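Working notes, beginning with the structure itself.
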Amino acid sequence: MVREWDPRNASSAELASLLDTLNAVLATDLPQDPPWRETCMREYLAEVMPGERRISWVAQAEPAADGTPGPILGHVHVLLLGSIGVLEVLVHPSVRRLGLGRDLVLRAARRVYQEGFESIGVEVVGGTPAVAFYESLGFAREYVETRSVLDLAAVDWTELAEMSTGVGTGYHVQFHPGGPPDELIEAYARAKAEIRDVEDGELRPSSYDPQRLRDSLDCLHRRGMKPYIVLALHEQTGEVAGLTEVVVPAQHPTRADQYDTIVVQDHRGYGIDRAIKARMLLELRSTEPQLTEVQTWNAQANEAMLKVNAELGYLPDREWCEYSVDVAELVHRLDNSR
């Protein structure tokens with residue numbers, strides 16, 4: 001049974017069942033990734049940025065003979081933002097290849113089409129069955145990143161401390177748990193607007209204006225995801241010359257997620273990128289002692305940042321791809337295959 005589903009009023013049992021399916025998928029497709037926890041799962045699924053909407057469906061097994069609800073075996077949600085619907089699908093490994101994934105995609109695609117959107121995008125992890133699944137539906141690869149993972153147990157902390165001080169004269173490095181102070185928000189947004197560590201993709205839009213940046217930070221906190229920021233300030237002008245962002249999610253608190261790392265064009269060549277990322281790791285070691293890993297994503301053409309990550313000890317893990325498809329074509333293809 002597939003039905004529309006709202007995490008805001010879902011039962012605790014439904015959330016726990018969905019979490020079981022998510023962790024079964026991770027154990028099968030990404031066995032090196034840490035399992036997710038129930039902490040803040042409702043908030044993670046429900047909270048969105050202003051102007052965005054998320055619509056979800058679940059596939060649930062038939063009730064048991066005593067009336068106990070069956071487990072949730074599949075889930076799809078689509079995030080409507082800008083001009084695109086961003087899709088995410090989970091199907092329990094025990095019921096794959098039975099058409100459930102296609103049914104869930106069709107439910108979401110029909111709604112996206114009805115809402116007037118023209119395309120659907122999805123993140124697809126390399127080396128998993130999702131690649132063949134989405135390509136069979138007509139999705140085309142648009143963009144590829146490399147995910148790299150840093151094992152904190154393997155870090156040489158003495159060497160890392162030296163790296164953190166290797167920034168040129170005229171710059172001051174600051175650590176800001178929770179996000180940048182409000183007096184630096186405008187300078188922070190200007191730095192993000194000028195250049196990004198990776199090419200700007202539609203599936204993960206960055207926040208380029210002060211209010212959207214505030215909204216983004218608020219949304220992270222509501223979802224149970226703690227942001228940490230390290231800034232390199234140009235002492236003469238007070239401008240943000242470089243920044244790096246790491247988020248520690250309550251849902252998998254042993255592995256942190258690297259977000260943007262940016263060095264403004266005029267301030268490149270002074271060792272800022274390596275210094276601020278090293279400083280971040282040193283701060284996380286004391287503020288988040290349960291952390292064992294940090295994962296980051298980089299464009300494969302971004303040789304400079306890949307080199308910095310290698311110097312810090314990150315190891316390439318797998319490809320992380322963005323796919324998209326025309327929503328009208330997708331609905332037509334899926335309807336005709338039923």
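The shown structure was predicted, so the numbers you read here are calculated from the model rather than taken from an experiment.
For CD of Glu142, the number of neighbouring non-hydrogen atoms (other residues, nucleotides, ligands) closer than 6.0 Å is greater than 12. Taking a 6.0 Å sphere around CD of Gln290, one finds it holds more than 12 heavy atoms contributed by other residues, nucleotides or ligands. Around the CD atom of Gln236, the shell of radius 6.0 Å holds no more than 12 heavy atoms that belong to other residues, nucleotides or ligands. Atom CD of Glu235 sits in a crowded spot, with more than 12 heavy atoms from other residues, nucleotides or ligands closer than 6.0 Å. Atom NE2 of His332 sits in a sparse spot, with 12 or fewer heavy atoms from other residues, nucleotides or ligands closer than 6.0 Å. With a 6.0 Å radius and a threshold of 12 heavy atoms from other residues, nucleotides or ligands, Phe175 has its CZ atom above the threshold.
In this structure, the side chain of Gln60 engages the main chain of Gly70 through a donor-acceptor pair within 3.5 Å. Checking side-chain atoms of Ser164 against main-chain N and O of Ala161 turns up a donor-acceptor pair under 3.5 Å. A donor-acceptor pair under 3.5 Å is absent between the side-chain atoms of Arg54 and the main chain of Leu79, judged by distance alone. No donor-acceptor pair under 3.5 Å is formed between the side chain of Arg223 and the backbone N or O of Val48. Judged by distance alone, with hydrogens and angles left aside, the side-chain atoms of His75 form no donor-acceptor pair with the main-chain N or O of Leu19 at under 3.5 Å. Between the Glu288 side chain and the Val248 main chain, no donor and acceptor come within less than 3.5 Å of each other. No donor-acceptor distance shorter than 3.5 angstrom exists from the side chain of Arg3 to the backbone of Val58, with no hydrogens or angles considered. The backbone N or O of Val25 lies less than 3.5 Å from no partner atom in the side chain of Thr28, so there is not a single donor-acceptor pair.
Leu284 approaches Tyr228 most closely through the heavy-atom pair CD2-CD1, 3.8 Å. Of all heavy-atom pairs spanning Glu14 and Ile72, the tightest one is O-CD1, 3.5 Å. Residue Trp5 comes nearest to Ala10 through the heavy atom pair CZ2-CB, 3.4 Å, listed as atom of the first residue, atom of the second, then distance. Closest approach of Glu293 and Pro34 over heavy atoms only: OE1-CD, 4.4 Å. Closest heavy-atom contact between Asp257 and Pro249: OD2-CG, 3.6 Å. Shortest non-hydrogen contact noted between Leu306 and Gln300 is CD1-O, 3.7 Å.
Ion pair Asp273/Arg268 not flagged as a salt bridge, since none of the NZ, NE, NH1 or NH2 atoms sits closer than 4.0 Å to an Asp/Glu carboxylate oxygen. A salt bridge is absent between Asp218 and Arg222; no separation between the charged side-chain nitrogens and carboxylate oxygens falls under 4.0 Å. Electrostatic pairing of Glu303 and Lys307 does not count as a salt bridge here, judged by no charged N lying under 4.0 Å from a carboxylate O.
Residues Met163 and Lys277 fail the side-chain proximity criterion, which asks for heavy atoms closer than 4.5 Å. No side-chain heavy atom of Val112 sits under 4.5 Å from any side-chain heavy atom of Val331. Taking 4.5 Å as the limit, some side-chain heavy atom of Val125 sits within range of a side-chain heavy atom of Leu30. The shortest side-chain heavy-atom distance between Pro63 and Pro69 does not fall under the 4.5 Å cut-off. Contact annotation: the side chain of Thr296 never approaches that of Met305 to less than 4.5 Å [non-hydrogen atoms, C-beta and beyond]. Contact of the Val105 side chain with the Leu330 side chain is registered, since non-hydrogen atoms from C-beta on lie closer than 4.5 Å. Within the 4.5 Å cutoff, the side chain of Glu245 has no heavy atoms near those of the Pro227 side chain. You'll find the side chain of Asp29 reaches within 4.5 Å of the side chain of Pro129, heavy atoms only.
Here the OG1-CG distance, from Thr146 to Asn302, works out to 10.5 Å after rounding to the nearest 0.5 Å. Interatomic distance, Arg274 CZ to Ile276 CD1, rounded to the nearest 0.5 Å: 12.5 Å. For the atom pair CG (Asp326) and CZ (Arg333), the distance works out to 9.0 Å, reported to the nearest 0.5 Å. Atom CG in Asp33 sits 7.5 Å away from atom CZ in Arg318 (nearest 0.5 Å). For the atom pair Cys321 SG and Arg141 CZ, the distance stands at 3.5 Å (nearest 0.5 Å). In this structure, Phe139 CZ and Ser324 OG are separated by 8.0 Å, a value rounded to the nearest 0.5 Å.
Leu291 and Val149 fall into different hydrophobic clusters, defined by Ile, Leu, Val, Met, Phe, Trp and Tyr side-chain heavy atoms under 4.5 Å apart, directly or through other members. Cluster annotation: Phe133 is not connected to Val144 through the hydrophobic network of ILVMFWY side chains, with a link wherever side-chain heavy atoms come within less than 4.5 Å. Residues Leu315 and Leu160 are members of separate hydrophobic clusters, defined by side-chain heavy-atom contacts under 4.5 angstrom among Ile, Leu, Val, Met, Phe, Trp and Tyr.
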Worksheet entry | side chain to side chain contact (heavy atoms under 4.5 Å, CB included) between Tyr259 and Ile229, worked out | CA-CA 10 Å; Tyr259 281 27; Ile229 312 296; over 6 Å; no
Fill in: Derivation of the side chain to side chain contact (heavy atoms under 4.5 Å, CB included) call for Cys40 and Gln251
CA-CA 7 Å; Cys40 294; Gln251 299 81 16; 3.5 Å; yes
Item to complete: Would you please test Arg212 and Glu52 for salt bridge (Lys or Arg N to Asp or Glu O under 4.0 Å) and show each step?
Response: CA-CA 12 Å; Arg212 183 169 176 82; Glu52 298 177 0; 3.3 Å; yes
Item to complete: Decide yes or no on side chain to side chain contact (heavy atoms under 4.5 Å, CB included) for Lys192 and Leu213, but give the supporting numbers first.
Response: CA-CA 10 Å; Lys192 287 174 73 75; Leu213 184 54; 4.3 Å; yes
Worksheet item: How far apart are the C-alpha atoms of Leu80 and Ile55, what are their side-chain angles, what is the distance that settles it, and do they pass the side chain to side chain contact (heavy atoms under 4.5 Å, CB included) test?
Response: CA-CA 8 Å; Leu80 302 175; Ile55 308 170; 3.9 Å; yes
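With no hydrogens or angles considered, a side-chain donor-acceptor pair links Thr244 and Gln258 at under 3.5 Å.
Between His234 and His267, the angle of the ring planes lies from 30° to 60°, which puts this pair in the tilted group.
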